[in-house]
Participant: 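Here you go, one structure.
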Protein chains: 2
Amino acid sequence: MLSKKTKYGIKALTFLAKQEDKTPVAIATISKSENISLKFLESILLTLRKNGILGSKKGKGGGYYLLNSPSNIPMTSVMRILEGPISMVPCVSLNFYEKCDDCPDENACSVHKLMIQVRDNTLKIFKNTSLADLCKD
Amino acid sequence: MLSKKTKYGIKALTFLAKQEDKTPVAIATISKSENISLKFLESILLTLRKNGILGSKKGKGGGYYLLNSPSNIPMTSVMRILEGPISMVPCVSLNFYEKCDDCPDENACSVHKLMIQVRDNTLKIFKNTSLADLCKD
DNA sequence: TTATTAATCTATTAAATCGATAGGGTAGTT
DNA sequence: AACTACCCTATCGATTTAATAGATTAATAA
């Protein structure tokens with residue numbers, strides 16, 4: 001299941017991408033518009049900033065803004081930052097690989113085999129979808 | 001992330017599917033072979049039995065066995081029984097649909113749009129993969 | 001027939017982790 | 001002075017992953 005963190009994060013990013021100009025938007029503005037808990041959203045936007053997706057400005061007129069154009073932000077980045085691994089199992093993860101304790105041979109593992117297929121397909125979608133695509137229509 | 005419950009369940013099913021004959025296999029046998037906690041596996045096999053995937057036999061020489069041929073067990077069934085919804089978000093789930101609290105309009109939601117694509121692709125894989133496919137090579 | 005053993009079944013509980021959120025205070029900007 | 005991002009901590013609840021203890025059933029050996 002997708003965590004609310006990721007869900008809210010994507011919604012907030014979409015909101016920012018839809019802005020006409022690139023002036024900072026206050027957390028409270030996004031929070032109200034998208035019905036997201038203010039404090040929760042705060043921490044989400046912070047991690048997006050720390051990971052190079054967003055910039056921020058303090059004080060009056062401050063807020064968050066996109067650092068790149070929406071078409072240059074692939075969903076793979078967003079998902080990996082907010083949700084973590086895209087794979088359903090660590091042993092098929094490209095960026096978060098981990099060996100299974102119980103599995104003596106990965107290539108013989110039925111779960112492994114199945115989950116590689118799922119990962120490949122999901123990855124393809126996230127790679128080919130940018131933040132700009134989510135704003136269309 | 002895939003729960004260990006589902007992971008262990010699939011491994012156990014694969015083990016049963018690989019059996020020559022269809023005589024019952026004791027939980028302990030599967031537990032040892034696949035490195036799965038005995039008691040945990042016990043509860044997993046129980047839910048698979050209650051959901052019509054497995055049959056069981058008590059007493060000496062008892063154990064679990066597949067009710068259908070492996071090629072007639074699609075991964076959609078297994079996943080839905082063990083893991084629950086295949087969708088990453090309830091609002092795009094076919095079998096476990098639930099409306100989002102925060103979303104006034106699903107069709108306008110960027111997350112919804114993205115997750116429908118993921119669901120469709122994942123579903124296709126699970127539909128086209130049977131337990132028999134996981135046993136090959 | 002009886003006792004023993006092997007196995008599933010059932011229920012309860014516990015530990016640990018994670019998700020989601022709330023509160024309060026700090027620091028930089030206008 | 002007002003505003004706003006930033007940071008730290010604590011909490012509450014749910015879920016996952018078991019561990020524990022026993023009850024039930026069936027085959028087999030005596």
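Proteins get letters first, then strands, A, B, ... in listed order; numbering begins at 1 in each.
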Participant: Do L38(A) and I30(A) sit in one hydrophobic cluster, given that two such residues count as connected whenever their side-chain heavy atoms are within less than 4.5 Å of each other, even indirectly?
Facilitator: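 Yes, it is one cluster - the side chains of L38(A) and I30(A) are joined through contacts under 4.5 Å.
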Participant: Counting only heavy atoms not in D101(A) (residues, nucleotides, ligands), do more than 12 fall under 6.0 Å from its CG?
Facilitator: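 Result for CG/D101(A): open.
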Participant: When the nearest nucleotide of DNA chain C is assigned to E42(A) and to Y64(B) on a heavy-atom basis, which residue is associated with the more 5' position?
Facilitator: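 Taking each residue's closest nucleotide, the earlier one in sequence belongs to Y64(B).
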Participant: Between K50(B) and dC9(C), is there a contact of a side-chain N or O with OP1 or OP2 at under 4.0 Å?
Facilitator: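 K50(B) to dC9(C) OP1/OP2: no side-chain N or O under 4.0 Å.
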Participant: Consider the side chain of S37(A), meaning its heavy atoms from C-beta on, and name the nucleotide among dT4(D), dA18(D), dT21(C) that approaches it most closely.
Facilitator: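 Nucleotide nearest to S37(A)'s side chain: dT21(C).
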Participant: Is K60(B) near enough to dT4(C) that one of its side-chain N or O atoms lies under 4.0 angstrom from OP1 or OP2?
Facilitator: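 K60(B) to dT4(C) OP1/OP2: no side-chain N or O under 4.0 Å.
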Participant: To the side chain of K4(B), which of dT17(D), dA20(C), dT8(C) is closest?
Facilitator: dT17(D)
Participant: Hey, is D102(A) close enough to K7(B) for a salt bridge, meaning N to O under 4.0 Å?
Facilitator: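 Looking at K7(B) together with D102(A), the answer is yes, because their closest N to O distance falls below 4.0 Å.
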Participant: What nucleotide among dA20(C), dT29(C), dT8(C) has an atom nearest to a side-chain atom of I27(B)?
Facilitator: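 Of dA20(C), dT29(C), dT8(C), dT8(C) is nearest to the side chain of I27(B).
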Participant: Return no unless some side-chain N or O of S43(A) is found under 4.0 Å from OP1 or OP2 of dT21(C).
Facilitator: no
Participant: Let me know, please, whether K58(A) or K39(B) comes out on the 5' side of the other along DNA chain D by nearest nucleotide.
Facilitator: K58(A)
Participant: At under 4.0 Å, does any side-chain N or O of R49(B) touch on OP1 or OP2 of dT8(C)?
Facilitator: no
Participant: If the cut-off is 4.0 Å, is Y8(B) near the phosphate of dA18(D), judged by side-chain N/O to OP1 or OP2?
Facilitator: yes
Participant: Check whether any side-chain nitrogen or oxygen of S56(B) sits under 4.0 Å from OP1 or OP2 of dC9(C), and answer yes or no.
Facilitator: yes
